[in-house]
J.: 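The structure follows.
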Amino acid sequence: MAVTIAPAIEACQALVTRINAGTAYALAGYVVDYADQVIDLLEQVSGVRVDVEPQDETQLDETLTPEDRTSHNIKVYVRKQCLATDQDAVDALKLFTRQVFQQVNNWDSANGRVRVWECDPDPIQKPDKDILRLNSIFVASVNLRVEVEAS
């Protein structure tokens, strides 16, 4: 079958749809997007912004067919303008980040093509305290390893 969409794009679109479908949080005013570019963590944002960024892609050579599954490392960033002294806002954003993590953790798409195999909070501080203190921007992220089935 001919490929109609790049696996990384399919994975990111599926994750954006999954995050938008979350019922544990209200996404009113939130921007959930994916971009095949490096996210500028210090970019001024209005409201809460969730970015899904593909980091890399690996072809899993498991069979003799021309195409096999692909594995993707994807990072989900949560960002918002926020003062470090506003502890209630910081706590709410930490909770939101955790809820996004729970929304995508161990998730398989309805058609079974996109699967989240690993979902780990980023080892950086939650949130990045230096960026929060110096730039008044809440930044937290989640690392995903996602596999996409061959077409």
Side-chain angles (χ1 to χ4, degrees), residues 3-60 68-149:
V3 176
T4 59
I5 185 171
I9 295 171
E10 183 177 2
C12 289
Q13 287 177 342
L15 289 167
V16 166
T17 301
R18 176 68 179 171
I19 293 168
N20 282 329
T23 58
Y25 45 84
L27 280 173
Y30 295 162
V31 176
V32 180
D33 201 2
Y34 79 91
D36 206 3
Q37 63 187 11
V38 175
I39 302 300
D40 178 6
L41 298 179
L42 301 179
E43 172 189 4
Q44 300 297 315
V45 293
S46 59
V48 175
R49 181 167 176 113
V50 179
D51 290 298
V52 177
E53 176 190 323
Q55 302 285 306
D56 59 52
E57 176 178 332
T58 304
Q59 183 78 35
L60 302 176
D68 285 313
R69 295 182 299 152
T70 53
S71 178
H72 308 267
N73 289 315
I74 297 174
K75 202 171 250 198
V76 178
Y77 290 101
V78 175
R79 298 180 292 148
K80 184 180 191 305
Q81 289 289 141
C82 179
L83 295 175
T85 56
D86 188 353
Q87 193 59 51
D88 290 340
V90 171
D91 290 346
L93 288 165
K94 285 180 180 180
L95 175 61
F96 175 75
T97 303
R98 181 66 182 171
Q99 291 169 330
V100 168
F101 167 85
Q102 290 173 333
Q103 184 72 4
V104 296
N105 189 26
N106 294 322
W107 173 73
D108 295 347
S109 63
N111 62 5
R113 288 190 41 78
V114 178
R115 295 179 182 181
V116 176
W117 285 90
E118 293 176 26
C119 185
D120 299 313
D122 209 346
I124 64 171
Q125 298 173 352
K126 295 287 183 280
D128 185 310
K129 291 178 177 57
D130 290 334
I131 293 176
L132 182 61
R133 182 176 52 80
L134 297 173
N135 301 95
S136 299
I137 301 173
F138 177 96
V139 176
S141 58
V142 176
N143 293 321
L144 305 174
R145 188 173 69 81
V146 179
E147 289 189 5
V148 178
E149 291 295 325

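In this chain, residues are counted from 1 in sequence order.
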J.: side-chain contact (heavy atoms from CB on, under 4.5 Å) between L15 and V116: does it pass, once the steps are laid out?
T.: CA-CA 9 Å; L15 289 167; V116 176; 4.0 Å; yes
J.: Answer whether the closest heavy-atom distance between the side chains of V114 and W107 falls below 4.5 Å.
T.: yes
J.: Looking at R18 and Q103, would you say the former's side chain and the latter's main chain have a donor-acceptor pair under 3.5 Å?
T.: yes
J.: A side-chain contact here means heavy atoms from C-beta on lying under 4.5 Å apart; do L95 and D91 qualify?
T.: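 The answer is no, as the side chains (C-beta and beyond) never meet within the 4.5 Å cut-off.
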J.: Using the side-chain contact (heavy atoms from CB on, under 4.5 Å) rule, take V100 and V76 through it: C-alpha gap first, then chi angles, then the decisive distance, then the call.
T.: CA-CA 9 Å; V100 168; V76 178; 4.1 Å; yes
J.: Heavy-atom distance under 4.5 Å between the side chains of I137 and Q44, does that happen here?
T.: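 Yes; the side chains approach each other to less than 4.5 Å.
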J.: Give me the atom names and distance for the closest heavy-atom approach of D130 to D128.
T.: N-OD1, 3.1 Å
J.: Side chains of N73 and D56: donor-acceptor distance under 3.5 Å anywhere?
T.: yes
J.: To the nearest 0.5 Å, tell me how far C82 SG sits from I131 CD1.
T.: 13.0 Å
J.: Quick one, C119 with N106, criterion side-chain contact (heavy atoms from CB on, under 4.5 Å). Give me CA distance, side-chain angles, the key distance, then yes/no.
T.: CA-CA 7 Å; C119 185; N106 294 322; over 6 Å; no
J.: So which atom in F96 and which in V78 form the shortest heavy-atom distance, rounded to 0.1 Å?
T.: CD2-CG1, 3.7 Å
J.: Only one of R115, E57, R69, H72 forms a side chain to side chain contact (heavy atoms under 4.5 Å, CB included) with V148, so which one is it?
T.: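 Exactly one pass, corresponding to H72.
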J.: Measure the CZ-CG distance between R133 and L83 for me, rounded to the nearest 0.5 Å.
T.: 13.5 Å
J.: Let me confirm one number: the CD-OG1 distance from E10 to T70, rounded to the nearest 0.5 Å.
T.: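 Output value for this atom pair is 8.0 Å.
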J.: Would a 4.5 Å heavy-atom cut-off, applied to side chains only, mark D51 and E53 as touching?
T.: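 They are not in contact (no side-chain heavy atoms under 4.5 Å apart), so the answer is no.
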J.: Could you pull out the closest heavy-atom pair between L132 and P127, with the gap in Å?
T.: CD2-CG, 3.9 Å
J.: Dump the intermediate steps for side-chain contact (heavy atoms from CB on, under 4.5 Å) on F138 and K94, then the final yes or no.
T.: CA-CA 9 Å; F138 177 96; K94 285 180 180 180; 4.1 Å; yes
J.: Quick one: does R79's side chain have a donor or acceptor within less than 3.5 Å of a partner on D40's backbone?
T.: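 Yes: the side chain of R79 pairs with the backbone of D40.
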J.: Which pair of non-hydrogen atoms, one from K75 and one from N143, has the smallest distance, and what is that distance?
T.: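 Residues K75 and N143, closest heavy atoms: CE-OD1, 2.9 Å.
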J.: Once rounded to the nearest 0.5 Å, what's the spacing between atom CD1 of I74 and atom CZ of R145?
T.: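 Rounded to the nearest 0.5 Å, the CD1-CZ separation comes out at 11.0 Å.
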J.: Nearest 0.5 Å, please: how far is CG in N105 from CD in E118?
T.: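 It comes to 10.5 Å.
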